[in-house]
Every structure is written in structure tokens, then in C-alpha cells.
Amino acid sequence: APPILSGLVGSEMCIRDSAFRYHGISTESWFQEKMAQVSCKAELKGRVVPSKAHATYTKAVSLQSTNDQVMIQQFRYSVSTSRITWSIQQLRCNFFPEGALMRKLKGPIILLHGMFGSSSEMSDLAKRMSEKTSRPIVLIDLPGHGDTHWKSPDQLMEEARVHPAFQLMEVMAEQLAELLKLLGNGCTLVGYSLGARLALLTSIRYPDNIQNIVSISGGLGISDTDARTSRRQADKLIAEKLRKEGCTIDFLKEWYQADLWESLRDKPWFESYLEEKVLQLRNSRDILSFTLAECSPGKAPCIQAVSNTH
């Protein structure tokens with residue numbers, strides 16, 4: 001498996017002369033670089049992903065940072081794997097500063113959000129990263145989130161009902177591995193929470209195209225049988241509430257009552273953050289609740305146990 005760069009919440013990393021923070025969702029905020037959209041004629045010169053990928057571009061704009069030194073091209077497109085139509089944003093910087101971070105590493109850096117998240121909430125981080133590397137930065141909506149959709153969600157949920165050993169995380173890892181083959185060689189996965197767990201599982205099952213992993217607030221799973229049962233039942237109740245009521249602001253307020261997110265609740269923009277998150281969760285309540293229940297640490301494979309068998 002590729003090396004894991006485990007990022008502790010709130011710890012600091014230095015890029016050239018500046019100290020930035022990379023966070024879990026509960027601390028401060030993602031990078032706060034202001035990005036202004038500028039008028040331009042964006043032309044797609046060739047495909048952003050290899051020609052073997054079936055990509056449909058929906059948007060191409062250029063963004064310029066406030067320091068007027070860096071121009072970033074941003075593309076939105078969809079890519080199909082065998083079971084999923086993925087929604088993707090890709091950023092590429094037209095100016096690469098001398099000594100840019102990881103400039104010798106050619107593969108894309110792929111950002112994977114957490115449960116109830118979307119690629120949009122990692123966009124500020126992506127824009128800052130794109131200024132520091134010549135590598136493309138790719139943001140992905142995870143299955144069941146944003147504009148990424150299962151091709152046959154009813155069939156997927158029926159598989160889970162009929163087969164007790166069904167593991168949604170294993171299917172997601174398989175599909176992510178298919179996607180990585182289309183996005184380029186030597187990928188670096190940067191995952192938060194659910195995204196980190198998916199990155200870790202994918203790297204164990206399908207390591208060939210993964211160069212590095214950055215795991216932010218990514219647990220290794222639960223190995224104790226009783227603890228797994230307790231967590232699975234708790235998440236199942238939450239998922240059923242979500243299925244019945246939908247992902248409303250009240251539901252998210254209850255979700256974020258855990259001690260983990262105390263600092264997030266104290267932010268003056270917390271209410272508007274929840275409103276934006278509700279808009280981003282465009283998949284059906286059935287598939288979202290299904291994802292929550294099936295990806296519970298009490299149901300999903302224990303990463304540590306899986307690693308020990310490889």
C-alpha cells in the first residue's frame with residue numbers, strides 16, 4: 001500500500017514561507033483565499049482526462065486570485081465508471097512558482113469530502129493547493145452526494161437487502177479505483193472522514209495507481225464486535241430518521257450536536273453553512289440514508305483488519 005500521511009486536525013504544514021492549516025470540518029475553516037471570477041474566453045484544448053474516459057464538460061471558467069499573480073482554470077465535468085456517474089471539478093494553475101510543492105510528482109491530487117459533504121466545501125482548499133503545485137487538483141462528489149449518482153440505485157439497495165455480506169464501502173472503493181485509472185497515474189488521495197476511510201480502503205484493495213494518501217480525521221474502523229454492533233444500530237436509527245424526514249436544517253443541527261463539532265457550532269456562519277449544505281445534498285433521501293447506514297464504522301470493513309490480511 002502507498003505511504004499514509006496522517007493529518008491530525010488543526011496541525012500545521014509549511015508550504016514554502018507560509019504556514020497554512022489543513023483541517024477537519026470542525027476546526028476554523030478551510031483555506032480562506034478569496035477567489036474572483038474574471039471575464040475570459042475559456043477554451044478546452046484537448047481533454048482534461050485521458051481520451052479513454054468518457055467525459056462530458058459542463059463548465060469551464062478561469063479564476064484569478066486576489067494577489068493577481070496566479071490564473072487558475074476550473075473545469076466541471078462528469079465521468080462514468082461501470083456503476084457510477086461521477087461529478088468532478090478540476091483546477092489547473094497556469095503559473096507554477098519556482099520550487100512549487102511536489103512539482104516533480106505528475107499525478108493528480110484528489111480531494112474526497114466527508115459524510116453530508118460535497119466537493120464544493122473543499123474548493124477553497126483546492127484553489128490554494130493549485131497555486132502551489134503544477135499537478136491538477138481534482139474534487140469529487142462521493143457516491144450519494146452532490147451530483148454524483150449511482151446508475152441503478154434500486155438495484156444497489158436490493159443487493160444490500162438480499163446479501164447479508166454486502167459492503168457498500170467495498171463497491172465504492174472498486175468504483176473509485178476505476179475512476180482513478182481514468183484520471184491519471186500516480187494519484188495522491190486527500191480524504192476527510194468518510195473520504196479518508198474510502199481512500200484508505202481503496203489503497204489497500206487497489207494500490208497500483210495510488211502514490212500517497214493524506215488521511216484527515218480518518219478512523220481505522222471498529223474491530224470490537226460489541227462496539228461495532230452498538231455503532232451500527234445507532235447509525236441505523238439516524239439513517240431511518242433521515243429517510244423519513246429528509247436532510248433538513250433541523251436534521252443537520254441534530255447531527256452536529258456531537259462534541260466533535262463544538263467549534264463549528266460556535267461559528268457565526270454556522271446557520272448559513274447548514275443552508276448551503278442542504279442545497280448541496282441533491283441525491284434522494286433514500287440513497288443518502290442508505291449511504292449513511294452502510295458506511296457506518298459499525299457496518300463498513302475495519303481498515304486495520306483489512307490491512308492485516310494484505
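If you're wondering where the values come from, they're calculated on a predicted model, not measured in any experiment. Numbering starts at 1 and runs along the sequence shown.
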Q: Go through Leu264 and Tyr273 one step at a time and tell me if the side chain to side chain contact (heavy atoms under 4.5 Å, CB included) criterion holds.
A: CA-CA 10 Å; Leu264 176 66; Tyr273 171 77; 4.1 Å; yes

Q. Do the ring planes of His145 and Phe116 sit parallel (below 30°), tilted (30 to 60°) or perpendicular (above 60°)?
A. tilted

Q) When you look at Thr81 and Lys181, which way does the side chain to side chain contact (heavy atoms under 4.5 Å, CB included) test go after all the steps? A) CA-CA 10 Å; Thr81 53; Lys181 291 180 181 179; over 6 Å; no

Q) Leu142 and His113: which non-hydrogen atoms are nearest, and at how many Å? A) N-NE2, 2.9 Å

Q: Side-chain contact test, heavy atoms from C-beta onward, threshold under 4.5 Å: evaluate it for Leu176 versus Leu112 and give yes or no.
A: yes

Q) Using a distance-only test with no angle check, is there a side-chain donor-acceptor pair under 3.5 angstrom linking Gln175 and Ser82? A) yes

Q) Do you know the tightest heavy-atom contact between Ser289 and Arg243? A) OG-CB, 3.5 Å

(Q) How long is the straight-line distance from CD1 of Ile109 back to CD of Gln211, given to the nearest 0.5 Å? (A) 10.0 Å

Q: Answer whether the closest heavy-atom distance between the side chains of Met172 and Cys295 falls below 4.5 Å.
A: yes

Q) Between Arg228 and Ser223, is there a donor-acceptor pair closer than 3.5 Å when you use the side chain of the first and the backbone of the second? A) no

Q: Give, for atom CG of Asp154 and atom CZ of Arg161, the distance between the pair rounded to the nearest 0.5 Å.
A: 12.0 Å

(Q) One pair to check against salt bridge (charged side-chain N to carboxylate O under 4.0 Å, His left out): Glu178 and Arg83. What are the steps and the verdict? (A) CA-CA 10 Å; Glu178 285 187 27; Arg83 304 190 67 169; over 6 Å; no

Q) What distance do Lys151 atom NZ and Ile84 atom CD1 have between them, rounded to the nearest 0.5 Å? A) 9.0 Å

Q.
A side-chain contact here means heavy atoms from C-beta on lying under 4.5 Å apart; do Pro297 and Asp235 qualify?
A. yes

Q) Going only through I, L, V, M, F, W and Y residues with side-chain contacts under 4.5 Å, is there a path from Met115 to Leu237? A) no

Q) What pair of heavy atoms forms the shortest contact from Leu274 to Lys253, and how long is it? A) CD1-CG, 3.5 Å

(Q) I need the minimum non-hydrogen distance between Gly218 and Ala196, along with the two atoms involved. (A) CA-CB, 3.6 Å

Q.
Nearest 0.5 Å, please: how far is CD in Glu174 from CG in Leu179?
A. 12.5 Å

Q.
If you compare all heavy atoms of Leu182 against all heavy atoms of Ser80, which two are closest, and at what distance to 0.1 Å?
A. CD1-O, 4.1 Å

**Q.** Flag side-chain contact, heavy atom, 4.5 Å: Met129 against Arg135
**A.** no

Q) Distance from Leu242 atom CG to Phe251 atom CZ, nearest 0.5 Å? A) 4.5 Å

Q. Under 3.5 Å, is there a donor-acceptor pair between the Asp141 and Ser118 side chains?
A. no

Q: Test side chain to side chain contact (heavy atoms under 4.5 Å, CB included) on Met169 and Lys299 and set out the steps.
A: CA-CA 9 Å; Met169 286 287 287; Lys299 176 68 166 62; over 6 Å; no

Q | Pairing of Glu245 and Arg285 as salt bridge, 4.0 angstrom limit | A | no

Q | Nearest non-hydrogen partners of Val138 and Pro108, listed with the distance | A | CG2-CB, 4.0 Å

Q: Starting at OH of Tyr206, measure out to CD1 of Ile204 and round the result to the nearest 0.5 Å.
A: 12.0 Å

**Q.** Student check: side-chain heavy atoms of Cys247 and Leu288 closer than 4.5 Å
**A.** yes

Q: Tell me, yes or no, whether the heavy-atom count around Gln304 atom CD, taken from other residues, nucleotides or ligands under 6.0 Å, exceeds 12.
A: no

**Q.** Audit row: Leu189, Leu180, side chain to side chain contact (heavy atoms under 4.5 Å, CB included) steps and yes/no
**A.** CA-CA 10 Å; Leu189 302 184; Leu180 297 183; 4.0 Å; yes

Q. Does the side chain of Leu183 come within less than 4.5 Å of Ile88's, by heavy atoms?
A. yes

Q: Just say parallel, tilted or perpendicular for the rings of Phe290 and Phe166, cut-offs at 30° and 60°.
A: tilted

(Q) Less than 4.5 Å apart, side chain to side chain, heavy atoms only: is that true for Ser215 and Leu200? (A) yes

Q) Hey, quick one: are Ile222 and Leu194 part of the same hydrophobic cluster, counting side-chain heavy atoms closer than 4.5 Å, chains of contacts allowed? A) no

Q.
When you compare the side chain of Arg231 with that of Ser296, does any pair of heavy atoms fall below 4.5 Å?
A. yes

Q: Ignoring hydrogens and angles, tell me if any N or O in the side chain of Thr148 forms a donor-acceptor pair with the backbone of Ser87 under 3.5 Å.
A: yes

(Q) Do Leu125 and Trp269 land in one hydrophobic cluster if side-chain heavy atoms of ILVMFWY residues count as linked below 4.5 Å? (A) yes

Q) When you look at Arg265 and Glu262, which way does the salt bridge (charged side-chain N to carboxylate O under 4.0 Å, His left out) test go after all the steps? A) CA-CA 5 Å; Arg265 295 194 301 271; Glu262 181 179 0; 5.2 Å; no

Q: For the pair Thr229 (side chain) and Thr225 (backbone), establish whether a donor and an acceptor sit closer than 3.5 Å, ignoring hydrogens and angles.
A: yes

Q: Give a yes or no on whether Glu158 atom CD has more than 12 heavy-atom contacts from other residues, nucleotides or ligands under 6.0 Å away.
A: yes

